Undergrad: 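Here's a structure for you.
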Amino acid sequence: MTQKFISIEGIAKRFPAAGGGTTTVFEDLWLAMERGTFTCVIGHSGCGKTTVLNVLAGLDTPSDGTVIVDNQAIEGPSLDRAVIFQSHALLPWRTVLGNVAFAVSSKWRRWSRLEVEEHARRFIALVGLAGAEHKRPAELSGGMKQRVGIARALSIEPKILLMDEPFSALDALTRGTLQDEVRRICRETGQTVVMITHDVDEAIYLADRIVLMTNGPQAVLAEIVENPLPADRKRHDVHKHPLYYAVRNHVVDFLVSRSKSFGDADKAALDRRRPPVVRPGAPEPVMLGDAHPVPPRSDIARPPVSQAG
Ligand SMILES: Nc1ncnc2c1ncn2[C@@H]1O[C@H](COP(=O)(O)OP(=O)(O)OP(=O)(O)O)[C@@H](O)[C@H]1O
């Protein structure tokens with residue numbers, strides 16, 4: 001079934017409020033993702049992105065609703081779903097090989113030590129760390145540690161890769177290189193990915209679809225932006241594509257103004273089960289999947305703001 005490999009169905013998250021009652025962080029979120037797609041979630045701090053990712057990981061439970069992955073409801077953490085956090089959380093006493101092999105042997109418990117190590121080495125090489133297998137985390141740079149985290153996550157060959165701002169703690173050069181590698185690996189392996197980022201340019205480079213969430217509390221999924229750039233885009237010249245600024249301005253405009261001004265009337269008008277899908281720069285209204293058509297917005301150049309905060 002390709003249409004709804006991941007199906008987020010009406011999830012909400014509520015916490016007890018300080019003075020009694022409850023605070024609803026986000027509500028009635030519906031989103032379907034196809035196998036092999038790369039989805040980025042963007043929204044301001046506090047709208048509940050990490051909570052959504054934790055629900056997908058099975059590390060948190062929604063107050064309402066459910067999430068189905070590959071026709072099965074999520075009922076807890078699973079080795080079918082790998083998570084990469086901003087901090088790499090490596091086992092400090094284990095080597096690079098030891099960290100990756102530990103994950104591999106958790107997934108394939110009957111494999112021999114040789115099988116586990118061979119498999120782990122393959123993924124260590126894939127992220128460019130061949131030769132560093134016997135180093136411990138303390139001997140690695142931040143970028144190298146994050147590579148180990150990526151190798152570890154990919155080595156268990158998860159159905160879904162979940163990433164929570166995986167590159168935000170890295171310097172710009174390392175961030176760019178790792179973005180390239182993650183994109184290459186995900187494309188080569190057909191990996192299904194959901195990633196949270198605050199970086200609009202990162203989302204445009206990596207994502208097939210960018211999901212826009214309004215500000216919390218009571219955040220909603222306002223819109224899905226279909227990335228109109230060609231699949232074989234390259235980081236060094238992606239900004240030269242004629243549609244680059246159409247999509248960038250659209251997302252920035254949402255973050256700067258629409259995410260905040262999205263009021264009760266907008267929420268009432270929103271079909272939560274079928275959020276609007278837009279393809280910035282598209283000449284005509286688009287009809288994508290089971291979503292209803294939305295006219296393209298005007299893509300007027302605005303001051304550059306690449307970070308949601
Ligand atoms: N255990 C908890 N109890 C009460 N409130 C919580 C709890 N966990 C999260 N929250 C609240 O839920 C809201 C959403 O948190 P979450 O971390 O998912 O947001 P986010 O969009 O990922 O933010 P950021 O971009 O800053 O990481 C926040 O206001 C947070 O304070």
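Since we're looking at a predicted model, the values are computed, not measured. Only this structure's heavy atoms are used, side chains among them; waters, hydrogens and symmetry mates stay out. The residues of the chain are indexed from 1 along the displayed sequence. Counting starts at 1 for both ligands and their atoms, in listed order.
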Undergrad: Output every pair passing side chain to side chain donor-acceptor pair (under 3.5 Å) with a member in residues 53-62, not counting sequence neighbours, ordered by first then second residue.
TA: K13-D60
Undergrad: Establish, yes or no, whether a centroid distance under 6.0 Å links the rings of F254 and H250.
TA: no
Undergrad: Compare all side-chain heavy atoms of V193 with those of T39 and state whether any distance is below 4.5 angstrom.
TA: no
Undergrad: Any side-chain heavy-atom pair from E34 and K4 closer than 4.5 angstrom?
TA: no
Undergrad: Please tabulate, for the side chains in residues 164-171, all donor-acceptor contacts under 3.5 angstrom to protein atoms that are two or more places apart in sequence or on a different chain.
TA:
unit_1, atom_1, unit_2, atom_2, d
D164, OD2, T50, OG1, 2.9
E165, OE1, H198, ND1, 3.2
E165, OE2, H198, ND1, 3.4
S168, OG, Q86, NE2, 3.4
S168, OG, E165, O, 3.1
D171, OD1, T174, OG1, 2.6
D171, OD2, L173, N, 3.2
D171, OD2, T174, N, 3.0
D171, OD2, T174, OG1, 3.0

Undergrad: Side chains of residues 19-29: which donor-acceptor pairs under 3.5 Å do they make with residues two or more places apart or in other chains?
TA:
unit_1, atom_1, unit_2, atom_2, d
D28, OD1, W30, NE1, 2.8

Undergrad: Under a strict 4.0 Å criterion on non-hydrogen atoms, which protein residues are in contact with ligand 1?
TA: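 Ligand 1 is contacted, at a heavy-atom distance under 4.0 Å, by F15, V25, H44, S45, G46, C47, G48, K49, T50, T51, H198.
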